[in-house]
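Quick notes on the structure that follows.
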Amino acid sequence: MMNRKKKIVIVGGGLAGLALAMKFCERNGEATVVSYQSLKRSHSVCAQGGINAAIDAKNEGDTPEKHFYDTIKGGDFLAHQPLVRDMCYQAPTIIHLMDRMGVAFNRTGEGHLDFRRFGGTLYNRTAFAGATTGQQLVYALDEQVRRHVHDGSAKTLEWHEYLGAVLDSEGICRGAVIHDLRTDEIYTLQADAVVLATGGPGQVYGRSTNSVVNTGAAATTAYLQGAKYANGEFIQIHPTAIPGQDKLRLMSESARGEGGRVWVPRKANDTRNPKKIPENERYYFLEEKYPLFKNLVPRDVASREIYDIVYNQELGVAGDPMVYLDLTHKSREFLDNRLGGIMDIYTKFTGADPRETPMKIFPAVHYSMGGLWTDYGPDSHGLIDHGSPKNQMTSIQGLFAAGEADYQYHGANRLGANSLLSCIYTGLMMARGMMNYVDSLEKSVDDIPSTVFDDSCSHWKNRFSEIKKMKGSENPHKLHLELGEVMLANVLIVRDNESLEKASNEINDIETRFKDVKCLDTEDWANPSPSFINQLYCMIHLSKIITKGALLRNEFRGSHYKPDFDLIQPKDFDPHEYIDYLEQKQYGEVTEGKFPPGHLEYMKRFEENNEKWLKTTVAQYKNDQPDITYEEVNTSLVTPRPRKYD
Amino acid sequence: MARPSKDEIHYLLLKLHSLTGIVPIGAFLVIHICVNSLRTVGVWPYQLSIDAINNIPFLLIVEVAFIYVPLLFHSVMGFYVANIAKTNVHRYRYPRNGLYTLQRLTGAVVFVFLIYHLGTTVGPKLLEGKHHFEAAPFLIDIMNGEFQTWQGIVIYAIGIVSATFHFSNGLWGFCVSWGILIGEKAQRNGAIVFAMIGLVLTVLGMATVAEFNMNPIPVEATVAR
Amino acid sequence: MTEKTITIKVKRQDTPNTPSYWQTFKVPHRPFANIISCLMEIQKTPTTQDGKNVNPVTWDCNCLEEVCGSCTMVINGQVRQACTALVDNLKKPIVLEPMSKFPVVRDLQVNRERMFENLKKVKAWIEIDGSHNIGEGPIMPDQDRAKRYVMSECMTCGCCLEACPQFTMDNSFLGAATFNQVRLFNLHPSGEMKKEERLDAVMGEGGIADCGNAQVCVEVCPKNIPLTESIGDIGRQTTWQLIKNLLTK
């Protein structure tokens with residue numbers, strides 16, 4: 001037994017990292033939060049619409065089980081079911097906890113939590129604080145962590161960058177190499193365990209809805225150090241974002257949850273003022289195609305439809321790649337109270353007031369369902385054993401991942417307002433297991449020879465001094481933009497193997513040119529250039545994982561849409577037929593005539609496809625390339641079946 | 001009661017600074033301007049009110065305790081407060097920021113003016129030993145003299161306007177910092193009311209100056225009782 | 001065709017202890033460009049107007065949609081977020097300076113640690129018993145929630161402090177952002193339990209009594225937080241606290 005507190009290093013000050021820090025300190029551990037910027041500025045603040053929990057406040061008969069099913073179906077059955085189920089069952093507790101911490105959730109007339117609708121569900125399940133829910137949740141957790149810092153149990157290292165894990169001779173993670181972004185110092189932190197809660201990799205695409213720090217570098221470094229990276233090709237494209245020069249700013253799904261309607265003029269190149277276009281000349285394409293879910297189909301579906309309208313049907317607003325998102329039928333007070341934050345963002349960046357005129361939006365890269373491969377310990381009830389040291393551990397022992405940086409919760413497509421939930425859930429859930437992990441270690445970090453740390457440290461010191469010596473002809477920022485262009489052009493909403501091959505080649509070309517990069521700034525104080533070059537190196541490798549995963553996965557699942565491999569669902573298909581079919585098959589009496597024409601063939605195609613592709617993609621770094629293998633998905637609770645939203 | 005900490009003293013002193021500006025200093029300013037403005041109504045009402053003041057028991061102690069000491073305290077604290085700030089109205093040209101800057105400026109102007117005002121009135125009075133009922137005619141004589149030159153008028157005009165502004169704007173500041181006016185609308189309405197009070201005081205003060213200038217009647221010493 | 005360009009003057013400083021200097025850059029004009037996208041252009045071609053190759057300008061930014069609070073700087077003499085500063089709405093040449101009330105780290109980056117330390121001083125958090133499952137939060141009228149929500153949008157960007165004449169580098173004034181946090185937490189049913197501790201923390205040197213009500217804070221706040229209302233309210237709460245302290249302690 002150690003006679004000191006258990007100490008962990010948490011990289012990332014977003015929801016997952018902060019939730020874990022709070023919980024770990026509460027359990028009498030010592031957490032050091034390493035953050036690229038001041039806490040309170042992490043990308044989690046950008047989440048707008050809300051956080052899901054099936055509390056059934058509106059008496060619609062919602063239950064955590066339905067939340068679980070919606071999430072699994074939304075993710076096209078690619079997520080491990082016990083984990084998702086556990087998350088959905090914990091959700092109400094998490095909302096009440098956040099409420100107790102003082103999050104200004106909107107409330108009902110009686111003073112209880114209010115809920116609104118979001119995509120991929122028919123229930124009012126999303127708790128929200130105006131349209132800046134992520135910001136409010138981050139602040140609440142940040143306040144609790146600050147309280148622990150004040151009390152001495154938590155430490156923060158702001159303006160510090162995580163460079164890599166310190167691995168001992170057995171490959172167990174014993175600490176982290178840290179780079180002080182101000183003094184430029186590189187040193188190691190000893191820890192019983194290290195957690196990467198470093199968010200998503202939107203910067204791989206250059207322009208996305210992600211923040212500047214979301215390079216995915218920390219997760220990629222883990223991959224380069226031997227950790228498995230899973231489901232990289234599943235990148236969520238959010239259907240509604242404001243096009244921009246430096247960033248594509250998110251226009252929350254809550255805009256549609258509160259009644260926003262997506263439409264285009266029926267006539268191509270119609271340049272009339274949208275308010276002047278009569279109702280019968282407007283094409284509300286989501287409402288027409290999906291009469292049940294209407295504008296609130298899941299994000300992958302909505303993005304594909306918008307893409308189809310703009311590029312195949314050429315009906316984009318005034319011929320541009322944009323469609324209208326219309327809230328002008330709602331009152332000003334209503335919009336200010338429930339969507340104020342996003343109304344302001346749109347006004348500030350476009351100069352137009354969305355309360356008066358329909359917004360012009362287009363899909364943008366938003367979230368990575370994939371991430372570091374992590375483990376979990378199921379219990380016997382189809383839920384999770386919260387004490388299991390396996391929970392959230394990557395394939396490197398002692399290195400954990402949480403939040404968007406892991407892959408487990410959203411399958412092939414994430415439902416809106418589930419990301420905040422998965423971040424907080426992982427952070428809170430894993431604390432106990434980590435405590436047990438530390439107890440289970442045969443050898444404590446205190447007994448690890450200091451040379452292990454010195455070696456790691458000097459490796460990174462050398463790496464950075466090598467980077468500073470780079471005097472080639474390529475500008476790293478321009479190269480980054482090129483990488484983004486390649487990814488946006490070829491690995492986006494609609495994918496085909498020819499473009500993916502092309503992207504692979506172009507990425508390889510960029511990788512070669514990377515060797516000729518110039519380090520623009522060689523100062524030893526607050527110099528972001530070497531860090532950026534290192535991050536660019538990581539982004540190149542990450543883009544390879546994404547592209548290769550997409551190239552090899554010859555099917556259409558969730559956000560990964562390859563028209564060549566679309567199984568073409570018959571229009572009048574009912575997913576329940578598939579359950580009947582499976583049942584009949586089990587009793588060996590599938591009767592052709594019982595299904596409408598074409599349905600049986602479709603179901604057979606579907607079954608065969610699932611046989612082959614209902615698997616987790618696992619990338620491992622071998623010979624400078626991602627080596628892709630596939631792993632079974634835990635579908636022990638609900639039978640995978642065709643998705644349908646109309 | 002436990003000995004107050006440095007922080008508590010700091011806070012109390014600033015609160016007192018704010019408070020003394022209203023009572024007794026502000027109150028005295030209002031009385032002073034109002035009483036003197038009676039001069040515009042006529043000599044007798046003016047005479048009577050001076051008599052009433054002179055009838056206050058222990059007048060000297062009252063004057064020292066309720067005027068001079070608070071005034072000195074308010075001035076010292078005022079310079080301290082102004083000194084820890086750095087005005088920036090040239091960059092941030094908002095009305096309230098302008099008033100904030102003016103508040104500090106007028107505070108300094110009033111301080112200089114008061115040195116002059118006391119130096120030319122109370123100073124000679126003390127030096128020549130004119131006490132009690134002899135004081136009023138002596139002082140009024142001086143004032144009659146002051147307002148016959150344009151320099152005197154200008155000095156008093158600046159002094160009066162600065163003092164009434166400093167008071168009425170200070171009244172607003174007092175109401176905000178003591179939490180009497182909170183809401184944006186309440187603060188705006190308060191500002192309008194206090195501006196009117198300030199305006200009335202300014203008019204009264206300037207009218208008095210005009211009266212002294214046009215009608216320099218000496219005041220008789222009332223019979224000592 | 002000649003490309004339209006924008007001239008940007010940047011006040012630079014290599015380290016906290018070296019003198020500042022000015023450099024002028026020209027960047028191509030693009031529709032809807034903001035200051036951040038201009039700085040990104042400079043990063044891509046770090047060459048001054050007179051053709052000198054220099055180190056790229058460093059600055060802080062993250063979300064680029066005005067919710068993270070990183071990119072505060074002084075643009076044409078006014079403090080604001082650089083991401084929402086669209087170049088088309090700015091007077092040219094555009095002049096960029098770091099905030100003056102916080103120590104410069106490098107170029108346009110400053111150290112705003114003081115703001116975060118202040119949050120600790122006033123205990124800007126709710127003292128929950130623990131993060132385990134102990135039921136629902138307190139019931140609260142939506143009007144109160146709405147009031148709190150507006151206040152809790154504060155992103156610690158520092159605009160209110162930079163523009164405050166009372167807040168300087170060498171005094172200890174807490175500033176509008178901190179007073180607003182005190183009000184935010186005192187308004188919460190559980191937060192209220194620590195109300196007195198928070199009020200005591202602002203009743204000292206640099207506390208609420210130091211506020212001179214110049215009210216520039218509320219004018220420059222990018223989130224339109226009613227900071228002056230918060231100051232007035234904390235004024236009232238501390239007044240009662242003062243009376244209570246005097247009479248009961």
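Labels below follow one simple rule: chain letters A, B, ... track the order of the sequence lines, proteins then strands, and each chain is numbered from 1.
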Look up atom CD in C/Glu219 and atom CZ in B/Arg93, then write down how far apart they are to the nearest 0.5 Å. 14.0 Å
Assess the residue pair B/Leu12 and C/Leu242 against the criterion (side chain to side chain contact (heavy atoms under 4.5 Å, CB included)); give the C-alpha distance rounded to whole Å, side-chain angles, the decisive distance to 0.1 Å, and a yes or no. CA-CA 9 Å; B/Leu12 271 175; C/Leu242 172 69; 3.6 Å; yes
Side chain, backbone, both or neither: which part of B/Leu181 has a non-hydrogen atom closer than 4.5 Å to chain C? backbone
Roughly how far, to the nearest 0.5 Å, is the CD atom of C/Glu205 from the CD1 atom of B/Ile9? 11.0 Å
Heavy-atom pairs under 4.5 Å with chain B: which of C/Ile208, C/Ile234, C/Thr238 has the most? C/Thr238
Is atom NZ of C/Lys92 surrounded by more than 12 heavy atoms (other residues, nucleotides or ligands) closer than 6.0 Å? yes
B/Tyr11 side-chain N/O to C/Asp210 backbone N/O, donor-acceptor pair under 3.5 Å: no
So CG of B/Asn88 and OG of C/Ser100: to nearest 0.5 Å the spacing works out to 8.5 Å
Looking at B/Gly98, B/Ser177, B/Ser5, B/Cys175, which has the largest count of heavy-atom pairs under 4.5 Å with chain C? B/Ser177
Within 6.0 Å of CH2 in C/Trp22, more than 12 heavy atoms from elsewhere: yes
How about B/Phe58: does its CZ atom have over 12 heavy atoms from other parts shown lying under 6.0 Å from it? no
Could you give me the CA-CA distance, side-chain angles and deciding distance for C/Gln166 and B/Val81, then say whether side chain to side chain contact (heavy atoms under 4.5 Å, CB included) is met? CA-CA 9 Å; C/Gln166 209 71 34; B/Val81 167; 4.3 Å; yes
To the closest 0.5 Å, what do you measure between OG (C/Ser172) and NE2 (B/His10)? 7.0 Å
Chain B shares the most heavy-atom pairs under 4.5 Å, among C/Asn171, C/Thr228, C/Asp233, with C/Asp233
Taking every non-hydrogen pair under 4.5 Å, which of C/Pro165, C/Gly235, C/Gly232, C/Gly204 racks up the most with chain B? C/Pro165
B/Tyr92 vs C/Val79 side-chain heavy atoms within contact, under 4.5 Å: yes
Ranked by heavy-atom pairs below 4.5 Å to chain C, first place among B/Ser18, B/Gly183, B/Ala85, B/Gly173 goes to B/Ala85
Name the member of B/Ile84, B/Thr87, B/Leu13 that forms the most heavy-atom pairs with chain C at distances under 4.5 Å. B/Ile84
Are any side-chain N or O atoms of C/Thr239 and backbone N or O atoms of B/Gly179, one a donor and one an acceptor, separated by less than 3.5 Å? no
Looking at B/Lys86 and C/Thr168, what are the two nearest heavy atoms and their distance? CB-CG2, 3.9 Å
Any idea which heavy atoms bring B/Tyr100 and C/Asn213 closest together, and the distance? CD1-C, 4.3 Å
Proximity breakdown for B/Tyr80 and chain C, heavy-atom pairs closer than 4.5 Å: side chain
Is any side-chain heavy atom of B/Asn97 less than 4.5 Å from a side-chain heavy atom of C/Gln215? no
Does atom CZ of B/Phe66 have more than 12 heavy-atom neighbours from other groups under 6.0 Å away? no
pair B/Glu184-C/Glu229: side-chain heavy atoms closer than 4.5 Å: yes
Non-hydrogen atoms of chain C under 4.5 Å away: do they reach the side chain of B/Gln103, the backbone, both or neither? neither
Heavy atoms, side chains only, cut-off 4.5 Å: are B/Arg91 and C/Val74 in contact? yes
Does the side chain of C/Arg236 come within less than 4.5 Å of B/Trp178's, by heavy atoms? no
